[in-house]
Amino acid sequence: MKSGSGPLSAKCSDTLTSKVRRVSERLAVDILVLTSLEWNTLAPKMDVILCPAYPTPAPLLDTSRYWGYTSIWNLLDYPAIVFPVTKVDPTRDAKDPTYTPRNEFDSWCHNHYDAQKQQEAPVCLQLVAKRFEDEKVVQALEVIKEKIGLPFVDCLA
């Protein structure tokens, strides 16, 4: 068989790649629009969402395994800001030996949590706003900082 004459010649491959790219771009736009419509329908007056930044305190170096809490907002092109609310205290935050994990990932998180090794690791939350409303996450964090303070980091210095 001659080069370029196989089932996926270069021209065919380029055309397929182009079509896949267009479909992916269209799907991404559809997801952005649907997400925005959903937010505006369910909570039209809600400026920001307060949510976790990670399922556990900051993980030990090279052990992070999940980025879904933050990456979803990046994929949707929504502005977000992550900030610490406390630190791990081994006395107060010891692992609960009676806890039953709900799934495989929850089990992994539970098994890899070590309050002694993660002592002083930050526990963080994040604020998220709608697209093009970046200033709202900063304003919301300023209000949080003013009302309750931030424990050990000046995020807005």
Output all residues satisfying salt bridge (charged side-chain N to carboxylate O under 4.0 Å, His left out) with Lys130, sequence neighbours left out; order by chain, then residue number. none
Same cluster for Ile148 and Val48 if Ile/Leu/Val/Met/Phe/Trp/Tyr side chains link at under 4.5 Å? yes
In terms of heavy-atom contacts, Val82 and Ala53 come closest through CG1-CB, 3.7 Å
Minimum side-chain heavy-atom gap Trp108-Pro101 below 4.5 Å: no
Measure the spacing between CZ of Arg65 and SG of Cys109 and express it to the nearest 0.5 Å. 8.0 Å
Please indicate whether Glu104 has more than 12 foreign heavy atoms, meaning atoms of other residues, nucleotides or ligands, lying under 6.0 Å from its CD. no
Strictly by modelled atom types, are Ser18 and Arg22 linked by a side-chain donor-acceptor pair under 3.5 Å? yes
Among all residues two or more places apart in sequence or in another chain, which pass the salt bridge (charged side-chain N to carboxylate O under 4.0 Å, His left out) test with Asp47? Lys136
Exercise: identify the closest heavy-atom pair between Ala80 and Val137: CA-CG1, 4.3 Å
First locate atom SG of Cys124, then atom CD1 of Ile81, and finally report the distance between them rounded to the nearest 0.5 Å. 11.0 Å
Set out, in order, the CA-CA distance, both residues' side-chain angles and the distance that settles side-chain hydrogen bond (donor to acceptor under 3.5 Å, both in side chains) for Tyr99 and Asp106, then state yes or no. CA-CA 11 Å; Tyr99 178 73; Asp106 193 29; 2.4 Å; yes
Qualifying residue, where the test is ring pair (Phe, Tyr, Trp, His ring centres under 6.0 Å) with Tyr69 and the options are Tyr66, Trp73, Trp67: Tyr66
Run the salt bridge (charged side-chain N to carboxylate O under 4.0 Å, His left out) test against Asp114 and tell me which residues pass, sequence neighbours left out. none
Report yes if some heavy atom in the side chain of Leu50 is under 4.5 Å from a heavy atom in the side chain of Leu125; otherwise report no. yes
Just how far is it from atom NE2 of His112 to atom OG of Ser64, taken to the nearest 0.5 Å? 11.5 Å
What ring pair (Phe, Tyr, Trp, His ring centres under 6.0 Å) pairs are there with at least one residue in residues 24-43, not counting sequence neighbours? Trp39-Tyr78
Looking at Arg92, I'd like to know if its CZ atom is crowded, meaning that more than 12 non-hydrogen atoms belonging to other residues, nucleotides or ligands lie closer than 6.0 Å. yes
Side chains of Asp134 and Val138 in contact at under 4.5 Å (non-hydrogen atoms): no
Could you tell me the separation between the CD atom of Gln119 and the NZ atom of Lys87, rounded to the nearest 0.5 Å? 10.0 Å
For Ala58, is there any backbone N or O sitting under 3.5 Å from a side-chain donor or acceptor partner on Gln118? yes
Inter-residue atom distance Ile144.CD1 - Leu127.CG, 0.5 Å rounding: 4.5 Å
Considering only heavy atoms from C-beta outward, does the side chain of Leu60 approach that of Thr63 to under 4.5 Å? yes
Could you tell me if the side chain of Gln126 sits less than 4.5 Å from the side chain of Thr70, heavy atoms only? yes
Grouping I, L, V, M, F, W and Y whenever their side-chain heavy atoms are under 4.5 Å apart, do Met46 and Ile72 come out in a common cluster? yes
Nearest heavy-atom pair of Pro55 and Phe105: which atoms, and what distance? CG-CE2, 3.8 Å
Ring pair (Phe, Tyr, Trp, His ring centres under 6.0 Å): which pairs involve residues 41-62, sequence neighbours left out? none
For Arg131, enumerate each residue passing the salt bridge (charged side-chain N to carboxylate O under 4.0 Å, His left out) test, keeping only those at least two apart in sequence or located in another chain. Asp77
Step through the shown structure and confirm whether more than 12 heavy atoms of other residues, nucleotides or ligands are within 6.0 Å of NZ on Lys95. yes
